[in-house]
Every structure is written in C-alpha cells, then in structure tokens.
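Heads up: the structure comes next, in structure tokens.
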Amino acid sequence: MSAVAEAPAGRTVEPHQRRPIRLAELFLLVLALAAGTGAFAMVGRATTGALPEGFWLASGMLAGVALVGHVVLRIRAPWADQVILPAVVLLNGLGLATILRLELSGARNMAGADATSNAVYSLLGALVAFAVLWFLRDHRSLRRFTYTAMIVGLVLVMLPLLPGIGQEINGARIWVRVAGMSMQPAEFAKIAFAVFFAGYLVTNRDTLTLAGKKILGLQLPRVRDLGPILIVWVASLGVLVFERDLGTSLLFFGLFVALLYLATERFSWVLIGLALFGAGAFFAATLFPHVSARMDVWLNPFDEALYDRTGGSFQIVQGLFALGAGGLFGAGWGEGYPHRVPYAYSDFIYTSVGEELGLTGLLALLLVYLLVVQRGLRTALAVRDGFGKLLAGGLAFVMALQVFVVVGGITRLIPLTGLTLPFMAQGGSSLLANWLVVALLLRISDSARRPSALPVRGQVAPGGASHEPVVVGTDDAAPAGRPAGTPASGTPLPRRSPAYGGPTEVIEPQPGTPRGERP
Amino acid sequence: MNTTLRRLASVVMVMFVALMVSTTWIQFFQADELNNDNRNVRKIYAEYGTARGPIVVGGEAVASSTPVDDEFGYQRQYADGPLYAPLTGYFSLVSGTSRVEDAENDYLNGQADALWVDRLQNLLTGVDPQGSSVELTIDPAAQQAAWDALGDQRGAVVALEPSTGRILAMVSKPSFDPNELATHDTQAANDRYEELLNAEDDPLLSRATHWTYPPGSTFKLVTAAAALESGRYDSGTVVDAPETYTPPGTDRSIPNYGGTPCSPTDEQTLADALRISCNTAFARLGVDLGTEALAEQAQDFGFNQRFDVPFSTYASSFPNPQDPGFADAFVALSAIGQWEVTATPLQVAMIASAIANDGELMAPYSVDRIRDPELEVVREGSPRRLSEAVSPSTADQLTQMMVGVVEDGSGTAAQIPGLTVAGKTGTAQWQDGRDPHAWFTAFAPAEDPQVAVAVVIEEGGDAGSEATGGRVAAPVAKAVIEAVLNG
C-alpha cells in the first residue's frame, strides 16, 4: 500500500481501478432464470395443466444457486468473467426442465428420468463449485498437484474395471457403484488430466519442443520426454478397449493433443496424436465387434436390419425422427414425443430439446455452449501464467469437445458414443464435474482480468489496483511447495506476495508509457 | 501460447459450425423425409392426440373418441363394432385405418383443407383442435334387420336408395370387432390383427364391397336389359327355351336348373324366361346379342369400375369383348352370370337400383354430411348420376318382369302383403363340389321404389346344397325391405 499505488495523472489507458460490481452478470442471471423457470412453468402447464409439483422449490433453488454464485463471485472473484455463470445457469435450468418434462410424460422407458435427484445434484455441483471458488484463492496452487492429478486421473479411469464396484451398463464399462450410488469417474478424470497435462507441459514444454530429431520436417520429441504422455495414451486406449467407451477415450485424447499443441506450438504433435488415435481406433474397429457395429450404425442407420438389431440403430433413428419432428420452431414444451427416444433424458437430451424447441432452440443452445467455451479460451488468452493458460484452454476445449462428440454423434457427424451433454443431461457425476470445471474457469478468469500490479516492459502499474506491494520474484509459489521448472517463457511474471520471501524490488512507475498488450 | 490458443479457438469455432450445419440439415432439409418414414409413429401419435370426430348413424355415434389417461390421450370406441365394421373400418395403432375411418380421415382428425377456418379459430381461442363428425346414410333399422336376417350364415347385404344412391344398409358376415384393433394395448391389437388376417374366412374383408362372386342368374337382368335395349326384343317376345342348349363351337351343353325343361313347348316369352330363370333361353339370348352388347350393358350398370363410397370398392368384372378367347361358349355362360363374370353385392344392388330408378344409375355413397365441431355442415353428400343404364321404357318392362318373379316365379319368398316387390333370384355355381352361392336382388314398392337390395349367402348358408336364391336369400331381402319401408 505504498508509492506504487499512486498513479500519475494523464495516462492514455485507464485500467480497472475499482472492483467491478458485476451488474452485467446480475442482469444476465435474471434472463437465465426467467428462461429456466419459464420452462418449468410451461412444461407443467402442457402436461398437467398447472404449475408442476415443486415448481417454487425448483425455481427457488435455481435462483438461489444464481444468487449465491453471484455473491461468492463478487466477494472472492470480482474480476471473473460475467457471462459464464449466467450461461451455465441457463443450461442447467433448461436441462432440468427437459428432464422434468420427460419424467412427467409417464412413458415406461422414461422411468429413469428423475428431475428431483438431478436438481439435487445441480445444487450440490453448484455448491461445490462455489466452495472451490471460495477456498481456492489462486489456481496456480493446483500446479503443486501435477503428478498427484495424473495418478488420481489414472485411478479414476481404471475404477470401473475393478471387479465388485465396476459396472457395465449398455455395453460400456464406465460406471462405478459404491454404497448404492453410481458414478462415472471419467467425468472427474477429465479435470484431473487437465490439471496434470497443464502442470506437466508447462514444465516440460521446452524439452518437448526443442530436444529431439527432425524427421521429414517434423520435430519429433525424445522418447524419454514422452514417458508420461505415453502412459496417458495407453490409459485412454485402455478406456476404449476395456471399457468400450469411444467417447471418453476420444475426450481424453483430444484434451491431450490440444494441450500438447498449445504448449509446444508444434503442429507435429497434432499429427502424431491423430495418428496414434487413428491407429488405436482402427485396431479397435477391426478387433472388437462392438466398435465395428457402431461404425455400421453410423454409416447406415436407416438400414432395416440394423434398425431391428439389438444395440442397432433404433436409438439414433428415433433421435433423428425427434429432431425432424421438431423442425424449425419445435412442437413446444410438452407437445412432442421426445420420450419415444431411448435415454431421451441423458444421452439423447439434445433430441428432446430439438423436438420441442426446434432448430431455433438448438442453435441457441449451441451458441450458449460456444459462448461458455470461447469465454474460457479468452480467459486462457488473457491469463498471465503458463499453467493457467494451459488449464483454462484445456478445460474450455474439453467442454467444446464433449459437446462436439455428443451432438456430432447424434447428428451423425461422427459415430455415436455415450457422453453426456454438459449441464443438461441427467447424471450426477457429469453435473458435479462440469460445475467444477466452471469454478476453475471462473477462478482463472478472475486472475486473468484482475488488473496486474506488475508493469512489464515499461508499462505503468495501475494505481490503487493492488492491496499489496508489488514484488518481483523468481518464482510464483511458496518455497515449501515450489514446483519444478520456471514460469513459461514469454509470460509476464505473476504477482506474488512478499511473505514468500526472496529478493524484493519495488518497481517505480514510469509515466508516459502506454499500457498495452504483451506481444 | 496465444497464437496456438487463437488457432484452437478457431478449431472450436469450426466444430460448432459443423454441429449447427448438421443439426440444420436434419431439422430443416431432412425433416420431411424423417417425418414420412413409416417407422416414425409420431403421425399416429398426433392423430391419437386429437379428439377425433365421431361417425354417426341415425343420430347415434357408432364410432367415437373418448379421453383416456394414457400417452395417446383418446381411445377410439365402436358402439356396435361388428355390425358397422364394413362401413366404419378401424382406427388402429397396429393396422392403421380403413373404410370411412381412412377415407374421411382428414375430416375426422380436423386437418381437412375445408376446415381451415375452424383451425384458425382454435388457434386464436386456444381451444384444442377437434375433428368433424361424419354422418352416414345408413338406416339403423335396415342395418340391424339385415344383420339379424343373415344370422350366422356367411354372406353380405347391401341396400340402396334407388333415386339417390344412398347406401341404407351394408352388412358383411363374418365380421370383426374394430374395438379389438383400436385398443392401445399394441400387443393385444397386433395378435388380434394377425389372427384376423390369417383367418380362413377373411373377416377383415367386407363381403359387401371387397369380395366378388359369380352373380349367377341375377346377371340375367343385364342380359334381359341388353335384349330390350337392342330393340329386337320386348318382354313379350317369344324366345327359344330348350331343355339343354349347346352353344356353337363346343359340345358341352348348358342345362336348366335341376335339369327340367323351361316350357313344354321349348319356347316362352322373355318375361316368363326371367320369371322362372330359364338358363337355356338366356344363354341363347346372350349368343344372339353378342359379346359387345353384353359388355356394353354390363359397363352401363357399373361393371369394371371402382366406386368411392367414399372408400374405394372392388370392381365387378365382365370380360373384355375384344379378347379372342371370349368364344360363343363363354358368351353363353357369361349371359347367365357364370364363367369369368364376377360382381360385388354392391354391384348387384346397383343393377336393381338402376332399374328401379327409371334406368338411371346413381353413384352409391355412404356419407350424408360432415359437420364441424360447431355443427356447421362443411360437406354434404349429393346424389350423382353415373349413367343411363337403360331407357325408361326398358326399365319399365324389366320392372314388370321382376314383379312376375316375386308374384309367381322363383322369388315368391320375398312377397310382402300389400306391397309389390320386384326381384330376381340367383344360384351361382362357383366351384365343382361346393354348394352354390344363393343370390337375391329386389326393389320395392315396384310403383315407387324406395329401396333396392342385394343379398348373397355363400354356399347356400344353412340350406347348403338345397339352397336356391329364392329360398335362402329372398327372405333376407324381404326383411330389409320391410325394415326400410316401415321405418
């Protein structure tokens, strides 16, 4: 709280000085709540003629989530992105309304639809997310858990293979059942892997980028640098082979390739990754009948024999019928027959929305997802530390990829796999995990948008932005938990507190130089 | 890393655009194809979800939709299922729709173009769409009388109003209960449908409109009409009526029924030949008139045509006169309603009806009017002339000849005290070793015809080999005529 806090007058760029009051978020939250509770009401009116049972409770819960989230952000992450939370509340609300609508249809194959339990998981997910925001003050502390995260991720991935607790549902062995609760550990594993990749790559990016031979114009990395990467590659192939889950395996792999590319800036990694996955998928398709059956269904869903076969194209064709029936504007809440589609409340919730809200609704939905993802990527662009960049980029990309795999599978862009649409599909694991992703993105975006007290390359430190003296240190973590490696090159050194010790130097403001984006 | 981050953001953008394109492709460009796929049950769901209009006979609904608490919303019910099945048809999740349920589907479900005002009103007032009611021309008393009189014999009855072509009764036995197919228990409906499809006596097919029989001696009315129309004959013309007749070009002779001579002198008037249904006289007459004249006359009475009543019926058939295989021997047989001549009971009723209506053949129809939910008439069935089958004078002579049949000929069983009935019997051979089908067609009162009836009883019904049209079928026709005229 000293001299640096004082900024000279007459600067060309006025940085944020006061804490934002997040009015935009508040306004957007009101809109999202109106859409969500409006959907509840319309679903009830269309099916029972009155407000659905528990309408006020559900609406109150959703509003509570929005309000608590908003307050937590105001207090603990005031600079965080203001669009992400409203977008997620909107998605979650629409998802609950859709599940409620399917539950109220009373159809026999919709017996699994349970809006109440999903609302409880949404609440739980949101509360966990807000707790993370409250207690995790700096995303960089996660970097300490790089290798822990890898082990946690691998263990989570392998859990379903354990006899006794692992469960096979509809051919995919991706479930774990403990004490009467089932969960899909892969949903959490994706976060663990994102943390691991970000931590590992930010440390090893230079060796991965520069060491190694150049073959055919491609810079190939050294084998010993590849160790952990190969382990994860094997793990994701293991998911494909032993758990028969193409979607999750694709998700891990996509995350992995995207982060390698981000960290090394080498396109060769993308090619290597795609080649590895292609090889794995090819062998899977030739060796495992269930994978080749999926391919047939993808290519010829309308084939009569495939349609009638158990595990054939019935589901996807019914999903396409639902989408077709929705047309441009949809049948309206409660007016369609989305419950004709097996698992319309989980894997195929996209077709349920498509039938009743139409193409208009689905395009809006995709735009909301795109908005969340692009906000995440913006966060990655803006954040100053390499770990944060990789983590935010990875989490945002994994969400985009998940939406792509689900919707692409339903609309026959790619073979159908069993992933859930984030925030919408029924499933506690998916909700909890995706709310956690949101918490991390919000935390990173707070740090990205928080005015930097550190002028770099002749920039001016903004006045009054920081509560602490600005110091320059060699590292950004406490000595006790100092991670290996240096901050990513080219990234501005992050703020740090003098409490951590080390050489301290007060930077004098240099008037007259404009503050600009780092090249 | 920011360069690669930006590239990654572009990749994400491309991914989402791809999703938007694929979704648009399905929901916009592919939608029609998907909606019309026969594996897509939404169409049926949509129809089950609306209050389908009733089918009404004599002010009572014989088919109606009642709200039920299941995923479909409405259950179709048939008040007197088997009795009206040849008219109503069925409305089923499993087997689709048939008969009036099918032909007037657009009105019953409220989607007909003519109902756009109602739909607009519904849209504006927020009222759930409702179907229109379809009122049939059926006389419930005549329908019931025909049903009762047939008993458990296999056969069909059709009654028409000669001056308009309105169908007054249409019964087919054995029948089926459309309720069993309309049930929302698809397993039960499916089982029942399979059972009916594979049943030996085909209860799903209406014998009145979707089954053809050799018309036998009832076709002599057509031959007689052709003779009178030729101008070379009248009812008093004396024709050869030998004991047996061997047409030119064959050595198989045609006997009379029971092998008896028609007349001691081997000749008689045309009226007498029809009265006692003399085979040899009409076979000779047919050869004399020739294929062209017979075919033309049959055509004028409606042979070789389908009728939309409003559901489409089978066509009765008279062979093509140009066919080189249509030799004299076959002409002789055709003239007495055998060989390849076949007719639906509806067609036979139309022959009697045209004669009764001064020779004018009216198009048969079963839908009187259609009312929208506000009871406004949106469509009214109107009588339509199909052709002049015979001249009024020919019709007159034929009427007199048919009166003779009932007064002291082969059809005395159809006599009704105080009423002049005109009729014609038929006993149709159809397969060696099987009993002949018994026919009777009639109209009454002869002076001012109100109803024309055709009755067929397969294989002679209860009477078996002893059956003749006059003995077995005429009483059924009589019962129907009485029901119509006393109603």
Side-chain angles (χ1 to χ4, degrees), chain A residues 105-108 205 258 261-265 302 304 307 314 317-318 320-328 330 335-337 339-340 350 354-355 358-359 362-363 366-367 369-370 373-374 377-378 380-381 386 389-390 392-393 396-397 400-401 403-404 407-408 410-413 488 490-491 518, chain B residues 1-50 67-74 93 122-123 126-129 184-187 190:
Chain A
S105 76
R108 240 172 298 169
R205 51 188 302 222
Y261 175 64
L262 281 186
T264 62
E265 309 194 351
F302 292 101
E304 206 60 59
Y307 181 80
F314 178 83
V317 168
Q318 289 298 326
L320 292 174
F321 286 162
L323 288 178
L328 270 187
E335 304 292 336
Y337 298 89
H339 47 272
R340 293 290 305 180
Y350 188 73
E355 176 160 7
L359 179 61
L362 285 186
L363 291 184
L366 288 175
L367 285 174
Y369 278 113
L370 183 60
V373 171
Q374 294 290 17
L377 291 173
R378 264 172 87 108
L381 271 177
K389 273 186 189 300
L390 286 175
F397 183 73
L401 193 58
V403 173
F404 181 77
V407 177
I410 288 170
T411 59
R412 288 182 61 219
L413 270 182
T491 355
R518 190 183 58 81
Chain B
M1 275 186 271
N2 282 3
T3 324
T4 44
L5 265 172
R6 287 205 172 86
R7 283 195 199 131
L8 192 67
S10 308
V11 170
V12 165
M13 198 59 112
V14 169
M15 280 160 53
F16 273 80
V17 168
L19 294 182
M20 289 176 186
V21 169
S22 67
T23 305
T24 308
W25 182 258
I26 291 167
Q27 292 206 279
F28 188 73
F29 295 102
Q30 237 188 349
D32 278 346
E33 193 186 323
L34 291 168
N35 291 337
N36 291 325
D37 193 300
N38 55 13
R39 289 168 289 191
N40 192 345
V41 295
R42 277 177 181 72
K43 234 174 144 176
I44 295 177
Y45 267 104
E47 301 209 327
Y48 272 74
T50 51
V68 284
D69 191 21
D70 68 8
E71 57 182 315
F72 299 103
Y74 290 92
L93 277 171
N122 290 338
L123 193 68
V127 176
D128 280 340
H184 293 177
D185 178 348
T186 48
Q187 188 57 49
N190 207 30

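All chains are named by letter (A, B, ...) in the order of the sequence lines, taking the proteins before the strands, and each is independently numbered beginning at 1.
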Highest number of heavy-atom pairs under 4.5 Å with chain B: which of A325(A), G336(A), A396(A)?
A325(A)

Which of the residues E355(A), H339(A), Q318(A) is involved in the greatest number of heavy-atom pairs with chain B at under 4.5 angstrom?
E355(A)

Can you name the nearest heavy-atom pair linking G358(A) to Q27(B), along with the distance?
C-OE1, 3.5 Å

Under 4.5 Å heavy-atom distance to chain B, tell me which part of V407(A) shows up: side chain, backbone, both or neither.
both

Ranking V12(B), D32(B), L34(B), V11(B) by heavy-atom pairs under 4.5 Å to chain A gives rank one to L34(B)

For atom CE of M20(B), is the number of surrounding heavy atoms from other residues, nucleotides or ligands below 6.0 Å larger than 12?
yes

Among V21(B), T23(B), L19(B), exactly one meets side-chain contact (heavy atoms from CB on, under 4.5 Å) together with L413(A). Which residue is that?
L19(B)

Do you know which of Y369(A), Y350(A), Y307(A) has the most heavy-atom pairs with chain B at a distance under 4.5 angstrom?
Y307(A)

Can you say whether A322(A) sits under 4.5 Å from chain B via the side chain, the backbone, both, or neither, judging by heavy atoms?
both

Atom of M15(B), atom of F397(A) and distance for their closest heavy-atom approach
SD-CE1, 4.2 Å

Applying a strict 4.5 Å limit to non-hydrogen atoms, the region of N40(B) in contact with chain A is both

Output, in order, the C-alpha distance, side-chain angles, deciding distance and verdict of side-chain contact (heavy atoms from CB on, under 4.5 Å) for R412(A) and L320(A).
CA-CA 9 Å; R412(A) 288 182 61 219; L320(A) 292 174; 4.0 Å; yes

In terms of heavy-atom proximity below 4.5 Å to chain B, should L362(A) be classed as side chain, backbone, both, or neither?
side chain

Only pairs of heavy atoms separated by less than 4.5 Å count here; which of I410(A), V403(A), V373(A) has the most with chain B?
V403(A)

Which atoms of V317(A) approach chain B - backbone, side chain, both or neither, heavy atom under 4.5 Å
neither

For Q374(A), which atoms come within 4.5 Å of any heavy atom of chain B: side chain, backbone, both, or neither?
side chain

Please find the pair of heavy atoms, one from K389(A) and one from L381(A), that lie closest to each other, and give the distance.
NZ-O, 2.8 Å

Looking only at atom types and distance, does a side-chain atom of N190(B) sit under 3.5 Å from a main-chain N or O of T186(B), one as donor and one as acceptor?
no

Give a yes or no on whether R42(B) atom CZ has more than 12 heavy-atom contacts from other residues, nucleotides or ligands under 6.0 Å away.
yes

Chain B interface, residue from L363(A), L366(A), L377(A) that has the most non-hydrogen pairs under 4.5 Å:
L366(A)

How far apart are the closest heavy atoms of Y261(A) and R7(B), and which atoms are they?
OH-NH1, 2.8 Å

Pick from G326(A), G327(A), G393(A) with the largest number of heavy-atom pairs that fall under 4.5 Å of chain B
G327(A)

